[in-house]
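Labels below follow one simple rule: chain letters A, B, ... track the order of the sequence lines, proteins then strands, and each chain is numbered from 1.
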Amino acid sequence: MNNTIRTRIAPSPTGSPHVGTIYLSLFNYVFAKTQQGKFILRIEDTDRERSTKKSEDEIVSSLKWSGISWDEGPDIGGPYGPYRQSERTEIYKKYCNILLEKKAAYYCFCTPERIDSIRKEQMKNKAPVVKYDGHCQHLSEEEIQEKLSNNTPYVVRMTVPKTGTCCIRDLLRGNIEINYDQVDEQILMKSDGFPTYHLASVVDDHLMNISHIIRGEEWIPSTPKHILLYDYFGWTPPVFCHFPLLRNADKSKLSKRKNPTSVSFYRRLGILPEVLLNYLGLMGWAMPGGDEMFTLQEMMENFDINRMSLSGPIFDIDKLTWLNAKYIREKLTKEDILKHLKAWQFNDDYLLSVIDLLQGRLNLLSDFIPITSPMFSGMPEYDKKLLLQENLSEEDLKTILHTTLWAMEQLTHWNKDHLYKLFNQLADHHSMKLKIFSRIFYIVLTGKEISLPLFDSMEVLGSDMCRQRIIYGINQLGGPLGKKKLQKLESKLQSLKLF
RNA sequence: GGUCCCAUCGUCUAGCGGUUUAGGACGUCGGCCUCUCACGCCGAUAACACGGGUUCGAAUCCCGUUGGGAUCACCA
């Protein structure tokens, strides 16, 4: 056994790369690198319903953009590969069988419907802990074989002791004790043959020789399952270290609904990569001397994980913006800024996609900037009176904006055709003509009543920027609707069959 | 609701038993500078959640209360 420090970031490729991923990458990276260790990227794509290659590519590109590099990963390989869990299914099967043999796990043939009903029943009876009832745990060997040979769908669940406590030794938090009666007999292997997070990450972390798991505190409650698995396998668990969660302004965990969370949004806004890293380095951590502006290098020279504070920091875009401005003013040369601008949106690819939208309506080259300004700006400026024409109340407008925002979340492919279709359905739903309906979005998304073609623009702008401008629009109208109204809206939307 | 985590200005934080009338930064509000705006500079605002201990002494240690958060999926 060697004692090299090895840390990892293990994102799941389901959607836009999250700033929290960069946050934890930063600390995993710095922690490992300041101790001559290695930092590994592993893609956790065992959820084959939601995982996409596109999202994986975006994660890799966002991480690269941020300035964090990794020693081993799906794109560069390494001695412990493959680094994509979907390519390791045979490994998980093998280890799952070991568990099965040891009776540390068992086959479960319960249908999702049954699971659902026992869960509901338990909740109705206000059971202190809602969990699997162990129905399949005591099936006889014959029963199991019979069901297996009948091809009855099954999952594999882990066995959890009925009593006793698990002690998590957390690098920052000391000992955390959790009783086993709180721990569910988690599914390890899904009926589609893919492992769940718990099995896959434990097996991989061990096989990849991960020495320290630095992850969000949301994982604390399921850590006993992981420790139990290490125990069943006879492996020494790595050191656990649970970081605080980045928060929304209302202190809840940073979420898409309440904040821009995607790295691509900040990139698109014009936050410099080194500023994002610097700012994230200020979340829960501070330089010994109190300096607020520092490079990754400087952070590493002064890093001490024990300086980490554990209360969840609110992600404050104002301060991030201030830091960005300070960098531009104090750290960059004119040439640096030019370089950044080019890499940002003044590159051939982006310019071409914009030109594609306005070739027909460009009379003079000098019209370019005024016409395309929304394609380069952050939040558009407009008079909210523009929105209030058409005899719609503020509440009507907010309803429309909220509904659209949520409908957009359901969209699997962000392109003009799908958007066109969606907007038609939405206009219909609100009993409005598309022309009237879309006018609202011309204003909210571009700040103007007359602009480039809407759906084409939205495609070029990207979902993150569009979402954010709509949220901004809602705030221009005095903020979101009340909780109850929102709930009503959401259930109404779910009953609506969009697409 | 059960379990667990956390607790210094509105926000990010310094502080790790006495050097503290609790320091810095963002924000906000004044002022100066100035061809506008910004930058910069100066100033103001504002915090140790509460209650018990421990101690000669507590923001700092312990316990309780309160508050906030996370979690309770064939998602990670």
Side-chain angles (χ1 to χ4, degrees), chain A residues 10-15 18 20-21 42-51 85 108 110-116 119 122-132 153-157 165-166 168 170 172-184 186-201 215-225 242-254 279-293 306-323 325-326 328-330:
Chain A
S12 136
T14 54
H18 198 277
T21 304
R42 183 175 70 222
I43 298 294
E44 309 231 320
D45 56 351
T46 52
D47 179 351
R48 70 198 216 306
E49 292 263 309
R50 297 195 302 153
S51 297
Q85 290 187 328
C108 171
C110 293
T111 60
E113 290 73 34
R114 192 184 106 82
I115 303 298
D116 207 44
R119 213 190 323 271
Q122 287 176 356
M123 289 200 309
K124 207 178 89 187
N125 297 338
K126 296 206 166 87
V129 187
V130 175
K131 56 181 184 177
Y132 181 63
Y154 67 90
V155 299
V156 176
R157 286 181 184 274
T165 68
C166 174
I168 305 167
D170 189 282
L172 258 17
R173 294 165 199 257
N175 291 174
I176 301 171
E177 292 191 345
I178 296 176
N179 282 325
Y180 283 124
D181 62 16
Q182 295 294 321
V183 182
D184 195 7
Q186 253 293 327
I187 291 177
L188 258 21
M189 203 52 103
K190 300 181 265 187
S191 57
D192 64 3
F194 278 74
T196 57
Y197 171 87
H198 308 284
L199 210 218
S201 77
R215 57 167 28 162
E217 68 174 320
E218 54 195 333
W219 290 106
I220 293 175
S222 53
T223 305
K225 294 168 193 168
H242 292 97
F243 263 43
L245 260 20
L246 263 20
R247 316 282 189 102
N248 297 313
D250 67 2
K251 301 229 181 211
S252 58
K253 119 173 146 175
L254 194 63
Y279 179 69
L280 256 12
L282 251 20
M283 302 273 87
W285 192 80
M287 276 287 207
D291 286 346
E292 294 200 291
M293 189 160 62
N306 292 119
R307 290 183 59 79
M308 199 62 207
S309 100
L310 263 15
S311 54
I314 291 170
F315 192 86
D316 178 5
I317 300 176
D318 280 347
K319 187 150 179 176
L320 172 63
T321 304
W322 163 79
L323 192 63
K326 197 169 158 72
I328 291 175
R329 252 181 273 123
E330 298 176 12

Are OP1 or OP2 of [N] and a side-chain N or O of [X] less than 4.0 angstrom apart?
X         : N      : result
Lys319(A) : U13(B) : no
Thr46(A)  : A76(B) : yes
Arg307(A) : G15(B) : yes
Lys326(A) : A38(B) : no
Lys251(A) : A70(B) : no

_Just so I know, are the side chains of Pro244(A) and Met308(A) near enough to count as touching, which here means a heavy-atom distance under 4.5 Å?_
yes

*Backbone of Val129(A) reached by a side-chain donor or acceptor of Gln182(A) within 3.5 Å*: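 The answer is no, because no donor-acceptor pair under 3.5 Å joins these two groups.
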
Give me the distance, rounded to whole Å, that separates [N] from [M] when you measure between the [atom1] atoms they each carry.
N      : M      : atom1 : value
G43(B) : A25(B) : P     : 10 Å
C16(B) : C75(B) : P     : 48 Å
G51(B) : U66(B) : P     : 15 Å
C42(B) : U60(B) : P     : 33 Å
C32(B) : G68(B) : P     : 44 Å
C26(B) : A14(B) : C1'   : 15 Å
G15(B) : G53(B) : P     : 29 Å
C6(B)  : U13(B) : P     : 15 Å

Rounded off to whole Å, could you give me the [atom1]-to-[atom2] distance for the [X] and [N] pair?
X         : N      : atom1 : atom2 : result
Glu44(A)  : C75(B) : CD    : C1'   : 11 Å
Met287(A) : G15(B) : CE    : P     : 14 Å
Arg48(A)  : C74(B) : CZ    : C1'   : 11 Å
Arg329(A) : A38(B) : CZ    : C1'   : 9 Å

So what does [X] touch, heavy atoms closer than 4.0 Å: a base, only the sugar-phosphate, or nothing?
X         : answer
Ser252(A) : sugar-phosphate
Leu310(A) : sugar-phosphate
Ser222(A) : nothing

_Tyr154(A) atom OH, over 12 foreign heavy atoms within 6.0 Å_ =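 No, not enclosed.
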
The side chain of [X] lies closest to which of these nucleotides: [options]?
X         : options                : result
Glu218(A) : C4(B), U71(B), C6(B)   : U71(B)
Pro313(A) : U13(B), U71(B), U3(B)  : U13(B)
Ser309(A) : U13(B), C26(B), A70(B) : U13(B)
Arg157(A) : U71(B), C26(B), C74(B) : C74(B)
Arg119(A) : C74(B), C6(B), G69(B)  : C74(B)
Val130(A) : C74(B), A76(B), C72(B) : C72(B)

_5′-ward residue of the pair Asp192(A)/Asn179(A) relative to RNA chain B_ =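 The 5'-side residue here is Asn179(A).
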
_5'-most by nearest nucleotide on RNA chain B - Lys126(A) or Ala10(A)_ = Lys126(A)

*Straight-line distance of Asp184(A) CG to Lys225(A) NZ, nearest 0.5 Å*: 6.0 Å

*Check step by step if side-chain contact (heavy atoms from CB on, under 4.5 Å) holds for Lys251(A) and Ile314(A).*
CA-CA 7 Å; Lys251(A) 301 229 181 211; Ile314(A) 291 170; 4.2 Å; yes

